[in-house]
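Structure first, then comments.
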Amino acid sequence: MTVPEPVSPTPPRPVRRTVFTQGWRDVTFLHWAVDPAVVAPLLPAGTRPDEIGGATYVGLIPFRMRRIGLLGAPGMPWVGSFAETNVRLYSVDEQGRRGVVFRSLEAERLLPVLAARWVAHLPYLWSRMRVEREGDQLTYRSDRRWPGPRGTGGTVVVRVGDRLPEPGPLARFLTSRWGLHQRAGGRLAYWPNEHPAWPLHAADLLALDDDLVAAAGLPAVGGAPDSVLFSPGVDVRFGPRVR
């Protein structure tokens with residue numbers, strides 16, 4: 001079995017050509033520790049659960065997408081900016097590359113949802129969504145519209161704490177992800193990205209009403225998350241997808 005590459009706060013491989021850019025803002029990371037055997041059947045062939053301390057993690061990540069841009073062009077201010085929430089798992093492939101696997105991605109703009117489903121074959125879903133901020137408190141709301149099940153969603157409320165001067169090993173493991181794994185054309189593909197090191201803050205979870213994780217095929221995951229983090233965000237470049 002290939003040893004996974006080291007966890008690093010900056011990308012281990014440069015993205016040499018930009019396919020598209022994104023800004024990720026007001027990002028909350030909620031994570032639950034689970035037995036790797038629970039998520040292994042949900043990962044694409046050619047990958048296995050990425051582990052730390054004998055566990056892997058399920059993530060619920062609400063945030064604001066900002067100005068998606070294509071091929072180095074300036075980001076689109078309206079159609080490319082919207083609220084998003086994803087449910088993700090943590091993977092490592094036979095070359096040792098660590099990544100994420102998306103089980104679902106809720107977004108409030110229909111056009112990006114259709115484009116991502118058709119072009120990138122990612123499991124985007126159209127939802128009514130809102131992100132509200134009052135001082136150090138953020139509220140994320142989501143209500144799925146299409147393709148269903150309609151009404152799936154919930155509410156996340158967090159209070160942002162102090163910046164972490166030195167994020168620990170678990171925080172780095174959960175946030176330092178330099179690509180995504182997916183099946184494309186019947187084969188495993190890896191889509192690399194790069195961005196600066198995450199500025200991470202401690203955060204307190206004030207309220208959680210969610211059924212996105214269960215709808216993503218993980219009904220047994222629930223209760224208080226094992227890790228709650230926040231970041232004001234980073235700007236991201238994605239390179240060409242590698243099969």
Side-chain angles (χ1 to χ4, degrees), residues 9 21-32 57-69 75-88 100 102-113 124-146 150-168 170-172 174-177 195-216 221-236:
T21 56
Q22 301 177 348
W24 299 337
R25 299 290 186 269
D26 289 336
V27 187
T28 289
F29 300 90
L30 305 181
H31 283 97
W32 291 262
Y57 283 78
V58 175
L60 177 68
I61 321 293
F63 66 102
R64 291 190 300 110
M65 181 75 78
R66 182 179 181 273
R67 288 181 172 266
I68 295 175
M76 298 173 283
W78 185 83
V79 73
S81 299
F82 46 86
E84 181 171 325
T85 297
N86 64 64
V87 176
R88 72 190 199 186
V100 301
F102 290 112
R103 293 293 297 167
S104 64
L105 302 105
E106 315 289 319
E108 68 171 328
R109 296 272 188 268
L110 179 57
L111 184 58
V113 166
Y124 267 89
L125 304 112
W126 185 32
S127 295
R128 295 181 182 88
M129 306 185 77
R130 180 176 296 178
V131 180
E132 301 170 328
R133 181 161 191 169
E134 294 184 10
D136 61 357
Q137 183 171 308
L138 286 102
T139 301
Y140 308 85
R141 305 183 194 278
S142 178
D143 182 10
R144 187 177 296 172
R145 305 169 98 174
W146 178 86
R150 290 179 62 88
T152 301
T155 301
V156 176
V157 184
V158 296
R159 177 177 293 120
V160 180
D162 294 335
R163 181 165 179 176
L164 302 176
E166 184 57 44
L170 178 58
R172 287 294 187 208
L174 296 172
T175 61
S176 297
R177 294 282 142 175
H195 57 72
W198 284 100
L200 293 173
H201 291 244
D204 294 318
L205 180 62
L206 304 182
L208 175 63
D209 176 17
D210 169 72
D211 51 18
L212 293 175
V213 172
V221 176
D226 297 289
S227 173
V228 182
L229 297 166
F230 174 83
S231 178
V234 292
D235 291 323
V236 189

If only atom types and distance count, is the side chain of [X] paired as donor or acceptor with the main-chain N or O of [Y] below 3.5 Å?
X: R109; Y: G80; answer: no
X: W198; Y: S231; answer: no
X: D211; Y: G153; answer: yes
X: H201; Y: G161; answer: yes
X: R103; Y: A216; answer: yes

Minimum-distance pair of heavy atoms, taken over all atoms of [X] and [Y]:
X: L205; Y: V157; answer: CD1-O, 3.5 Å
X: D143; Y: G151; answer: OD1-CA, 3.1 Å
X: P165; Y: R163; answer: CD-O, 3.3 Å
X: L174; Y: R88; answer: O-NH2, 2.9 Å
X: P196; Y: V234; answer: O-CG1, 3.9 Å

Is any side-chain heavy atom of [X] closer than 4.5 Å to a side-chain heavy atom of [Y]?
X: F63; Y: D26; value: no
X: D235; Y: T21; value: no
X: D210; Y: V156; value: no
X: H31; Y: L229; value: no

If you look only at distance, which donor and acceptor atoms sit under 3.5 Å apart when one is on a side chain in residues 125-132 and the other is two or more places apart or in another chain?
{"from": "W126", "atom 1": "NE1", "to": "E108", "atom 2": "O", "distance (Å)": "3.4"}
{"from": "S127", "atom 1": "OG", "to": "E106", "atom 2": "OE1", "distance (Å)": "2.5"}

Test of understanding: with side chain to side chain donor-acceptor pair (under 3.5 Å), list the residues that count as partners of [X], not counting sequence neighbours.
X: T85; value: none
X: R150; value: none
X: R141; value: none

Between atom [atom1] of [X] and atom [atom2] of [Y], what is the distance when rounded to the nearest 0.5 Å?
X: T175; Y: L170; atom1: OG1; atom2: CG; value: 9.0 Å
X: F230; Y: F29; atom1: CZ; atom2: CZ; value: 9.5 Å
X: R67; Y: F82; atom1: CZ; atom2: CZ; value: 13.5 Å
X: Y140; Y: R64; atom1: OH; atom2: CZ; value: 8.5 Å
X: I61; Y: L105; atom1: CD1; atom2: CG; value: 11.0 Å
X: N86; Y: L60; atom1: CG; atom2: CG; value: 8.0 Å

Report task. Identify, with sequence neighbours excluded, every residue that meets side chain to side chain contact (heavy atoms under 4.5 Å, CB included) alongside Q22. Result ->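 Partners of Q22 by the side chain to side chain contact (heavy atoms under 4.5 Å, CB included) criterion, ordered by chain and then number, come out as F20, W24, M65, I68, F238.
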Query raised in the report: By side chain to side chain contact (heavy atoms under 4.5 Å, CB included), which residues pair with S176, not counting sequence neighbours?
Result: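 In terms of side chain to side chain contact (heavy atoms under 4.5 Å, CB included), with neighbours along the sequence ignored, S176 is linked to V7, R172, W178.
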Query raised in the report: Going through the checks in order, is the side-chain contact (heavy atoms from CB on, under 4.5 Å) test met by R145 and L110?
Result: CA-CA 10 Å; R145 305 169 98 174; L110 179 57; over 6 Å; no
